[in-house]
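One is the number of the first residue; the rest follow in order along the sequence. Keep in mind it's a predicted model, so treat the numbers as computed, not measured.
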Amino acid sequence: MIHINGGAELERLKLESIRRESIESTFNVIAKRGDLTRAELAKATGLSLMTIGKSVELLERNLALMSYKKPTESPGRKSAVCSLNKNCVMLIYDLSAAPNRLYIRDLTLGGVAEYDFDPENPIETEMTAFVEYLSERNVIGTACVVPDNNGDIASGFTDKLGRLPELVVSRTAARAIAHDSSNEVETGVYIFIENESKTDGAIVRNGRVIVGDHGDAVRVDHLIELLGSLDVSIAAISMVIDPGLIHIEFGAGEQQNADRLRDNLTRLIDKSKCEIVVCAIPSGSETAEGAARLLRDQWVRGLK
């Protein structure tokens, strides 16, 4: 009897996992490809029309999707098209920037608005600057981007905010996720050479940052302490995880160091299996994009 009950529980967990994957696959295909009919979703995901129908209904019930009839000149029944609901928005507080900034991103990750704000009085800023935008929108979550190695800053901030954010993420991890979204690789290593004394990095696998048991796997400075140098550290990582991409970004005056790192890595790893890219750190809000992507994925995984 115990064996039967145990088997039934495993079967239930298996079915629930399949259901979760179906919901996430349905949402992610629309997020990546744009508006699609249920038949197009079934073809893109490999799922049955019945499974797609159940996933779409759950996503619509949670306001993640909206359906509309696509205009057509041909007669006959028009197919319903599924679209991300842009009235669902996320608040992203970037506490790693100076000045601190508050972003609103919708489910497409498009920017709705952004403002500088006073971290000493975020409630007043939110109520005055964003009431116009938020009055007719559904806020699905809040994320805080914090400086690397200083996650404690979120605690004092959330006390003033009046609620706990659904996500707290480091600046480096958010940036790595933002860049990873544009690369078709399963695993990527992202290195950010800010200046001579500051180098950070993160490993991203299947859209998620690898953080380890203690959350320190993204700490490149810890790896350098253990292994002796940045190039040896990254080469050692590559031997273990076999990344498809090593992405190196450099700040002002650091291109020579970035190029040297690339040349050393070219000698240490098999370049035929791993692309090595070097580029300047772009200006913009990649931290907000990465945090919004993580928050959106977390929200979709929790839908019931």
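For Arg171 and Glu194, the salt-bridge test passes: some basic side-chain N is under 4.0 Å from an acidic carboxylate O. Checked for salt-bridge contact, Asp116 and Arg101 meet the test: a charged N lies under 4.0 Å from a carboxylate O. A salt bridge links Arg262 to Asp259: at least one charged side-chain nitrogen sits closer than 4.0 Å to a carboxylate oxygen. A salt bridge between Arg175 and Glu289 is absent, with no side-chain N of the basic residue lying under 4.0 Å from a carboxylate O of the acidic one.
Shown here for Ala291 and Val169, the closest heavy-atom pair between the two residues is CB-CG1, 4.0 Å. Minimum interatomic distance between Asn85 and Met66 (heavy atoms only, all atoms of both residues): OD1-SD, 3.3 Å. Ala176 and Ala202 make their closest contact through CB-CB, 3.7 Å (heavy atoms, listed as atom of the first residue, atom of the second, distance). Residues Gly207 and Ile177 approach most closely at O-CD1, 3.2 Å, considering heavy atoms.
Donor-acceptor pairing under 3.5 Å is recorded for the side chains of Tyr190 and Asp180. At a cut-off of 3.5 Å, with distance as the only test, no side-chain donor of Ser25 or Ser22 sits close to an acceptor on the other residue. A donor and an acceptor atom, one from each side chain of Arg205 and Thr187, are located under 3.5 Å apart. Looking only at atom types and distance, the side chain of Ser67 has a donor-acceptor partner in the side chain of Glu60 under 3.5 Å away.
Between the CD atom in Glu57 and the OG1 atom in Thr26 there is a gap of 11.5 Å [rounded to 0.5 Å].
Looking at Ile248 and Val277, their side chains never come closer than 4.5 Å, going by heavy atoms from C-beta outward. Here the side chains of Arg19 and Leu58 are in contact, with some heavy-atom distance below 4.5 Å. At a threshold of 4.5 Å between non-hydrogen side-chain atoms, the residues Tyr93 and Pro165 do not count as touching.
A donor-acceptor pair is defined here as one N or O able to donate and one able to accept, closer than 3.5 Å; such a pair exists between the side chain of Arg296 and the backbone of Leu107.
Linking ILVMFWY side-chain heavy atoms closer than 4.5 Å, directly or via other members, places Val240 and Leu265 in a single hydrophobic cluster.
Counting heavy-atom neighbours within 6.0 Å of Arg208 CZ, excluding the residue itself, gives a total of 12 or less.
Under the 30°/60° scheme for interplanar angles, the aromatic rings of Phe192 and His179 are found to be tilted.
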